[in-house]
Amino acid sequence: MAAMDLFDPGGLPVRTACRKAAEIAPPVPESKPLSGERLMMAICMTPRSGSSHLGALLRENGFGQSREYFRVAGDAMKKFVAKNDIQDYDGYVRRVIQANTREGIFAVKLGWLQFVPIYYFGYFDAYFRSAKLIYLTRGDLLGQAISRYLGSETGYFHTPLNKAEAHTLQQDVPMDFDKITEHLDYLVNVQAAWEQFFSTEGLTPLRVRYEELSADPAAVLGKIADYVGRPLQGDTKLETEFKKVRNERNERLREAYVAESRRRREVSRSEVLAVLMSSANDATAAV
Amino acid sequence: MLGLDDVTVRDHCQKVASLLSPVGAPGAPFADVRLIVFCAVPGTASATLSGLLRTGAIANSRRHFRAAAMKDLIAARGLKTYDQYVRAVVETATRRGIFAVECDWLQFAPLYAFGAYDAYFRSARYIYVTRGDLLEEVLARNTPKAEAGERRADFDNIRREMLALVRAQNSWERFFGSEGIAPLRLRSEEIEAEPAEVVRRVAEYAGTRAPAELKLETPSVHQTAPAAEQRRTIYIKRALQRRRRFTEQLVGSGPI
């Protein structure tokens, strides 16, 4: 019988994520100790929550590199494994940590599906147990789902860096209710998975919201510096290459999505009420 | 679409429908009443927050959609439809132009499914209260009961309750998402640590103002009982064993 995922996966492809990671670098039961002392930081992120902006802020201010080293999609991990003649997942984790530690800090951004191989292969216990965890979410989940939908439809997720990419911001994208709902469900499930993980491991992450980060990045940076016990040095650098890509297109999609959601709800209501009334009548008759 | 695919929610809606007819033409929206909904999850400090708002003279926040509370008003007024109930409770519980209600997802579901949300609560302010630590939420809620003799197979019981809380949170999140609502998000830990600050934030969010000299009774800070601590330790230990079993299967000879 298949052992169960510890958390309610809510349809998240946890096994697939582990399988893909294992294909690139197979897990081994033993992990070797890491040489040298370092502060370990992990941004536990949900998609489209400002993690690129936060990562850049942390880099600019001397808090490690903060990049997505455990991303299986694309071929960065595969290339790194080949280039460094890495034999297994333990070797990958160790090499990534060693190669990307700056001034005694290793910082990584982790999506849930990037994290599950680390967790289930046993490397969370070996390397990340004492890491400082920063949990990044967004208060407006519909805004987040629309942002993810637009990114996946246009293939562009960040501020355009050159003129050739600028058109993606203006590209007309139709409102697709089912697709946006899928993104919304994905975000809800990812948040639920992180929350269950924190509780089950007895961890208290620093919680940061996209909205706080947008409104006052200096305050967020100060909060993180306090949390990890490394005071900010000198002037805080707040300019990064990342800018918001949200525009009136996001608002248009939001309005259309809510309107469609209400229309569908209205259609299903009469059906639901008929069933409820009939059950209530049956119950009364039985009494 | 209405959250009724969850059997517990559907059963509750049926129970409410047996008290009051869900069908009834809605009245006009409430003029000059600000509606505030405290979206609660069991085991959080939402009741503490409601108490603070009452003692701070901000709002008469109560669980107005709890079945027991409903029965009293239904009997007193001879109400027949759910819509009549909503109108009656808003009328009787509004203080200084604010109607505040604390409800968990189960209590809110009939409001959403029967049409009262669309008729009256679309423009309400939503305040969502959760606890940072889900396990603490479960233990805070059911340890006394577990101590009273139901303390068996704790891991599975706690996990089941944790998943129920996750489902409740997910229902709220899906509701906010579907309606494009960005609620004011509060954590129980904040309410317990800085009650006056939270009350001021809530008042501001609700479009009112807390009195300059806010008199609040200090809420009792949630403390973990020794029995709950013991159960937490056991749960974490069992979870680790469960994770190892899952890992063994992932890493073992068979395909992942």
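The chains referred to below are lettered A, B, ... by the order of the sequence lines, with proteins before strands, and numbering in each begins at 1.
- Counting heavy atoms of neighbouring residues, nucleotides and ligands inside a 6.0 Å radius, atom CD of B/Gln241 exceeds 12 of them.
- Between A/Arg262 atom CZ and B/Ser178 atom OG the span is 10.0 Å, to the nearest 0.5 Å.
- Atoms CE and OG1, from B/Met162 and A/Thr200 in turn, are 4.5 Å apart once rounded to the nearest 0.5 Å.
- At a 4.5 Å heavy-atom cutoff, the contact between B/Tyr117 and chain A is made by side-chain atoms alone.
- B/Phe246 has its side chain within reach of A/Arg15: a pair of non-hydrogen atoms, C-beta onward, lies under 4.5 Å apart.
- For a residue to count as touching a neighbouring chain, one of its non-hydrogen atoms must lie under 4.5 Å from one of that chain's; by this rule A/Asp185 touches chain B with backbone and side chain alike.
- Comparing A/Arg207, A/Arg254, A/Glu255 by heavy-atom pairs within less than 4.5 Å of chain B, the highest count is held by A/Arg207.
- Under a 3.5 Å cut-off, the side chain of A/Arg269 and the backbone N or O of B/Ala113 do form a donor-acceptor pair.
- Note that OG1 of A/Thr137 and CD of B/Glu173 are 9.0 Å apart. Values are rounded to the nearest 0.5 Å.
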Practice prompt. Under the side chain to side chain contact (heavy atoms under 4.5 Å, CB included) rule, what do A/Leu142 and B/Ile181 come out as? Steps first, then yes or no, please.
Written response: CA-CA 8 Å; A/Leu142 178 56; B/Ile181 293 167; over 6 Å; no
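- Contact of A/Gln191 with chain B is made through the side chain alone, with heavy-atom distances under 4.5 Å.
- With a 4.5 Å cut-off on non-hydrogen atoms, A/Glu211 does not touch chain B at all.
- For the atom pair CD of A/Glu195 and CG of B/Asn170, the computed distance is 10.0 Å after rounding to the nearest 0.5 Å.
- Nearest heavy-atom pair, A/Gly202 versus B/Arg232, reported as atom, atom and distance to 0.1 Å: CA-NH1, 4.5 Å.
- Looking at B/Phe114, both its backbone and its side chain come within 4.5 Å of chain A, counting heavy atoms on both sides.
- In this structure, CD on B/Glu136 lies 9.0 Å from OG on A/Ser199, to the nearest 0.5 angstrom.
- Each of B/Gln169, B/Arg122, B/Lys15 has some count of heavy-atom pairs under 4.5 Å with chain A, and the biggest count is that of B/Arg122.
- B/Glu194 CD: 12 or fewer foreign heavy atoms inside a 6.0 Å radius.
- Ranked by non-hydrogen atom pairs under 4.5 Å with chain A, the options B/Val23, B/Leu135, B/Leu134 are led by B/Leu134.
- Only the side chain of B/Leu240 comes within less than 4.5 Å of a heavy atom in chain A; its backbone stays farther off.
- For the atom pair B/Asp133 CG and A/Leu203 CG, the distance stands at 9.5 Å (nearest 0.5 Å).
- Salt bridge status for B/Arg185 with A/Asp140: absent, with no side-chain N to carboxylate O gap under 4.0 Å.
- Contact of the B/Asp118 side chain with the A/Arg265 side chain is registered, since non-hydrogen atoms from C-beta on lie closer than 4.5 Å.
- Between A/Asn189 and B/Arg174, the closest heavy-atom pair is OD1-NH2, 3.6 Å.
- In this structure, B/Ile236 and A/Glu201 have side chains that are not in contact, with every pair of non-hydrogen atoms separated by 4.5 Å or more.
- Both the backbone and the side chain of A/Tyr119 come within contact range of chain B, judged by heavy atoms closer than 4.5 Å.
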Practice prompt. Could you walk me through whether A/Asp125 and B/Arg243 pass salt bridge (Lys or Arg N to Asp or Glu O under 4.0 Å), step by step?
Written response: CA-CA 12 Å; A/Asp125 288 326; B/Arg243 170 154 65 88; 2.9 Å; yes
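- Other residues, nucleotides and ligands contribute only 12 or fewer heavy atoms inside 6.0 Å of the CD atom of B/Glu204.
- When the candidates B/Gly132, B/Ser21, B/Pro183 are compared by the number of heavy-atom contacts under 4.5 Å with chain A, B/Gly132 comes out ahead.
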